[in-house]
Each structure stands twice: as C-alpha cells, then as structure tokens.
Amino acid sequence: MNIDIIFKIAGIGIIITIVCQVLKKAERDDMATIVSLVGIVIVLAVVIDMIADLFSNIRNIFNLM
C-alpha cells in the first residue's frame with residue numbers, strides 16, 4: 001500500500017473541511033453540505049479503486065496456485 005494514497009485522502013479531507021467551514025461562516029449551509037457529499041464521493045472512488053486492485057491481486061494469486 002502506498003503512503004501517497006493516505007496523504008491524498010487526508011489532503012482531500014483537509015481541503016473539504018476548510019471549504020465547508022468557510023461556507024458555513026458565510027451562512028451557505030446548503031452549499032457546505034453539497035461540498036461534503038462531493039468530498040465523500042471522491043474519497044469513495046479512490047477507496048473503491050483500491051479495493052478493486054486488491055481483489056484483482058487476490059484473484060491472480062489464487063490463479064497461480
């Protein structure tokens with residue numbers, strides 16, 4: 001597992017948190033909610049890609065045996 005992916009997910013989380021806080025201070029709670037949901041979708045896409053790679057690796061290991 002690459003440490004880069006962990007930093008990427010953490011960076012996305014920090015950016016989303018900052019943007020949400022700014023939007024909440026500007027009384028744009030609806031936009032803050034949308035930004036939060038977009039951040040969750042982006043992180044889930046990264047994680048799902050990692051899980052797909054994991055299953056591919058497991059399939060390759062058992063095909064070799």
Side-chain angles (χ1 to χ4, degrees):
M1 185 168 121
N2 284 340
I3 194 79
D4 295 337
I5 295 180
I6 294 172
F7 286 139
K8 184 185 292 186
I9 292 172
I12 291 170
I14 291 170
I15 291 170
I16 295 298
T17 303
I18 291 171
V19 171
C20 285
Q21 290 299 320
V22 169
L23 288 171
K24 285 183 182 181
K25 293 291 181 183
E27 296 180 1
R28 296 295 304 232
D29 292 333
D30 53 341
M31 291 299 290
T33 303
I34 292 172
V35 169
S36 296
L37 290 174
V38 169
I40 290 171
V41 168
I42 291 171
V43 170
L44 282 176
V46 171
V47 171
I48 288 172
D49 186 44
M50 290 174 49
I51 291 171
D53 289 341
L54 173 67
F55 285 140
S56 176
N57 288 338
I58 290 172
R59 186 177 301 135
N60 288 337
I61 288 171
F62 285 117
N63 283 337
L64 293 176
M65 292 183 164

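Below, all heavy atoms of this structure are taken into account, side chains as well, without hydrogens, waters or symmetry copies.
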When rounded to the nearest 0.5 angstrom, what is the spacing between CG in Leu44 and CD1 in Ile9? 9.5 Å
Does Ile14 belong to the same Ile/Leu/Val/Met/Phe/Trp/Tyr cluster as Val19, with side-chain heavy atoms less than 4.5 Å apart forming each link? no
Answer whether the closest heavy-atom distance between the side chains of Ile40 and Ile16 falls below 4.5 Å. no
Once rounded to the nearest 0.5 Å, what's the spacing between atom CG of Asp53 and atom CG of Asn57? 6.5 Å
Transitive ILVMFWY side-chain link Val41 to Met31, under 4.5 Å: no
To the nearest 0.5 Å, atom CG of Leu54 lies from atom CD1 of Ile58 at 4.0 Å
Specify the closest pair of heavy atoms between Ala32 and Cys20, including all atoms of both residues, with the distance to one decimal. O-SG, 3.4 Å
Do you reckon Leu37 sits in the same ILVMFWY cluster as Val22, going by side-chain contacts under 4.5 Å, direct or chained? no
Distance from Ile61 atom CD1 to Arg59 atom CZ, nearest 0.5 Å? 12.0 Å
Using only atom types and a distance under 3.5 Å, with no angle test, would you say the side chain of Thr17 pairs donor to acceptor with the backbone of Gly13? yes
Give a yes or no on whether Ile18 and Val38 share a hydrophobic cluster (residues Ile, Leu, Val, Met, Phe, Trp, Tyr; joining criterion: side-chain heavy atoms under 4.5 Å apart). no
